[in-house]
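Just the heavy atoms: all of them, side chains too, but no hydrogens, waters or symmetry mates, feed the values below.
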Amino acid sequence: MSVTIKSEAEIELMRESGRLLSIMHEELHKALKPGMSTLDIDRLGEKIIRDFGCIPNFKNYNGYPASICVSVNDEVVHGIPSKHRILQEGDIVSLDAGLIYKGYHSDAARTWGIGEISKEAKRLIDVTRESFFEGMKFVKEGNHLHDISAAIQNYVESHGYSVVRDLVGHGIGTHLHEDPQIPNYKRRGRGLKLMAGMTLAIEPMVNEGGYEVEWLDDDWTVVTADGSLSAHYENTVLVTADGFELLTLPGYN
């Protein structure tokens, strides 16, 4: 395993990459409404990224055809935008995206409700987001990677939900996916020791029902096997000596 430690100069570039991505997510959230297509979301997101002078890092990544992964309701991740997929009142939609700024990647995901959503759907979104912050309690130099994973799983399961096992978070930097892999569930041992300067994309994917997932025939879209709702929350995280910095949620720090 080759985990990169970023220099101060690299961290500054990743900080700006993350800041710009956070703005794009805010703009997409404001634009969401019933009646828009998932392709509309993708086109808007790509325009914002390119207007920043940046590159959408998902587009053509291993053949993925779009800039924004748009996943609706029981779609966990990697939904392919389509002009035929129209958002309806009460849907929940997960937006996963990243960009490249001067060679450095950022990656973040958010799940939002469309119009008025059920209290059950809202609770799922809230628990997914909070599970990320439960994991953050273990992010600082000297702690271990799998303590983050266990904290996420424990929080999710304490609320009656399940964490997806077939997909994990990852390191990030000059490549979208770097070492280490970051599961959202307990693994044997405590895992890698964290060091200041590591940059990680931590991303709980939480299902209302069982954790099993399936891939659709497009070979990209991942759905819950039981048809239950799924939510996704992700930030690009910098490990520091005494904690962390959320590069894609700069207002938090």
Tell me the closest heavy-atom pair linking Pro180 and Leu200, and the distance in Å. CD-CD2, 3.9 Å
Are Met36 and Ile80 connected in the hydrophobic side-chain network, where two residues link if heavy atoms are under 4.5 Å apart? yes
Using only atom types and a distance under 3.5 Å, with no angle test, would you say the side chain of Asp226 pairs donor to acceptor with the backbone of Gly210? yes
I want to check something: taking the side chain as every heavy atom from C-beta on, are Glu208 and Tyr161 in contact at a cut-off of under 4.5 Å? yes
If we ignore hydrogens and angles and just use 3.5 Å, is the side chain of Glu116 paired with the main-chain N or O of Glu89 as donor and acceptor? no
Side chains of Asp147 and Arg190, heavy atoms from C-beta outward: is any pair under 4.5 Å? yes
Side chain to side chain contact (heavy atoms under 4.5 Å, CB included) partner of Thr38, the single match among Ser71, Ser82, Cys69: Ser82
Looking only at the side chains, is there a donor atom on one of Asp74 and Thr224 sitting less than 3.5 Å from an acceptor on the other? no
Looking at CD of Glu130 and CZ of Arg123, how far apart are the two atoms once the value is rounded to the nearest 0.5 Å? 12.5 Å
Rounded distance [0.5 Å steps], NE2 in His25 versus CD1 in Ile23: 12.0 Å
I need the minimum non-hydrogen distance between Ala66 and Asp42, along with the two atoms involved. CB-OD1, 3.5 Å
Can you tell me if Ser149 uses its side chain to pair, donor with acceptor, with the backbone of Pro183 under 3.5 Å? yes
Rounded to the nearest 0.5 Å, what separation is found between the CG atom of Asn62 and the CG atom of Leu176? 9.0 Å
Check for me, please, whether Val239 and Leu145 land in the same ILVMFWY cluster - side-chain distances under 4.5 Å, paths through other members count. yes
Backbone of Lys59 reached by a side-chain donor or acceptor of Ser67 within 3.5 Å: no
With side-chain hydrogen bond (donor to acceptor under 3.5 Å, both in side chains) as the test, would you mind laying out the steps for Ser2 and Asp179 before giving the verdict? CA-CA 6 Å; Ser2 175; Asp179 286 335; 5.6 Å; no
Are Ile148 and Val206 in one and the same hydrophobic cluster, where Ile, Leu, Val, Met, Phe, Trp and Tyr link if side-chain heavy atoms are under 4.5 Å apart? yes
In short, Met24 meets Ile68 closest at the heavy-atom pair SD-CD1, 3.8 Å
For His159, is the NE2 atom crowded, meaning more than 12 foreign heavy atoms sit under 6.0 Å from it? yes
When you check the gap from the basic side-chain N to the acidic O, do Glu178 and Lys6 get nearer than 4.0 Å? yes
Short side-chain donor-acceptor distance under 3.5 Å, Ser230 and Asn207: yes
Note: Leu194 and Val139 closest approach over all heavy atoms is CD1-CA, 4.0 Å
Is the backbone N or O of Ile152 less than 3.5 Å from a side-chain atom of Asn184, with the two atoms forming a donor-acceptor pair by type? no
Exam field: side chain Thr236 to backbone Asp107, donor-acceptor pair closer than 3.5 Å: yes
Anything under 30° is parallel, anything over 60° is perpendicular, the rest tilted; go ahead and classify Phe133 against Tyr233. tilted
Taking all non-hydrogen atoms of both residues into account, name the closest pair between Glu134 and Tyr155 and its distance. CG-CD1, 3.4 Å
Decide yes or no for Met14 and Thr174: does some side-chain heavy atom of the first lie under 4.5 Å from some side-chain heavy atom of the second? no
Could you go through Arg110 and Asn235, starting from their C-alpha distance and side-chain angles, then the distance that decides it, and tell me whether this counts as side chain to side chain contact (heavy atoms under 4.5 Å, CB included)? CA-CA 9 Å; Arg110 307 282 186 262; Asn235 283 301; 2.9 Å; yes
Please answer whether the main-chain N or O of Leu238 pairs with a side-chain N or O of Glu245 as donor and acceptor at a distance below 3.5 Å. no
Would you say NZ of Lys186 has more than 12 non-hydrogen atoms from neighbouring residues, nucleotides or ligands within 6.0 angstrom? yes
Does a side-chain heavy-atom distance below 4.5 Å link Leu21 with Tyr101? no
Does any non-hydrogen side-chain atom of Lys33 lie less than 4.5 Å from one of Asp40? no
Transitively linked via ILVMFWY side-chain contacts under 4.5 Å: Ile92 with Ile86? no
When you look at Glu203 and Asp96, which way does the side chain to side chain contact (heavy atoms under 4.5 Å, CB included) test go after all the steps? CA-CA 10 Å; Glu203 50 177 321; Asp96 187 4; 4.3 Å; yes
Mind checking the CE-OH spacing from Met205 to Tyr211? Nearest 0.5 Å is all I need. 15.0 Å
Beyond-backbone contact of Val223 with Glu214, side-chain heavy atoms, under 4.5 angstrom: yes
Tell me whether Glu16 is salt-bridged to Arg19, with the criterion being a basic N under 4.0 Å from an acidic carboxylate O. yes
Does either side chain, that of Ser17 or that of Ser106, offer a donor lying less than 3.5 Å from an acceptor on the other one? yes
Test item: side-chain donor near acceptor, Glu10 and Tyr104, under 3.5 Å: yes
Should Leu20 and Leu99 be marked as a side chain to side chain contact (heavy atoms under 4.5 Å, CB included) after you check the CA-CA gap, both sets of side-chain angles, and the distance that decides it? CA-CA 8 Å; Leu20 294 173; Leu99 60 81; 4.1 Å; yes
Measuring only between side-chain heavy atoms, which start at C-beta, is Val70 closer than 4.5 Å to Leu95? yes
Look up atom CD in Glu27 and atom CG in Asp51, then write down how far apart they are to the nearest 0.5 Å. 11.0 Å
Which pair of heavy atoms, one from Pro34 and one from Gln88, lies closest together, and at what distance? CB-C, 4.4 Å
What's the separation between atom NZ in Lys193 and atom CE in Met198, rounded to the nearest 0.5 Å? 10.5 Å
Membership question, hydrophobic clusters at under 4.5 Å side-chain separation (ILVMFWY): are Val163 and Leu229 in the same one? yes
Ile100 side chain reached by His105 side chain, heavy atoms, under 4.5 Å: yes
Pair Trp215-Val222, side chain to side chain contact (heavy atoms under 4.5 Å, CB included): steps then yes or no: CA-CA 5 Å; Trp215 271 254; Val222 181; 3.4 Å; yes
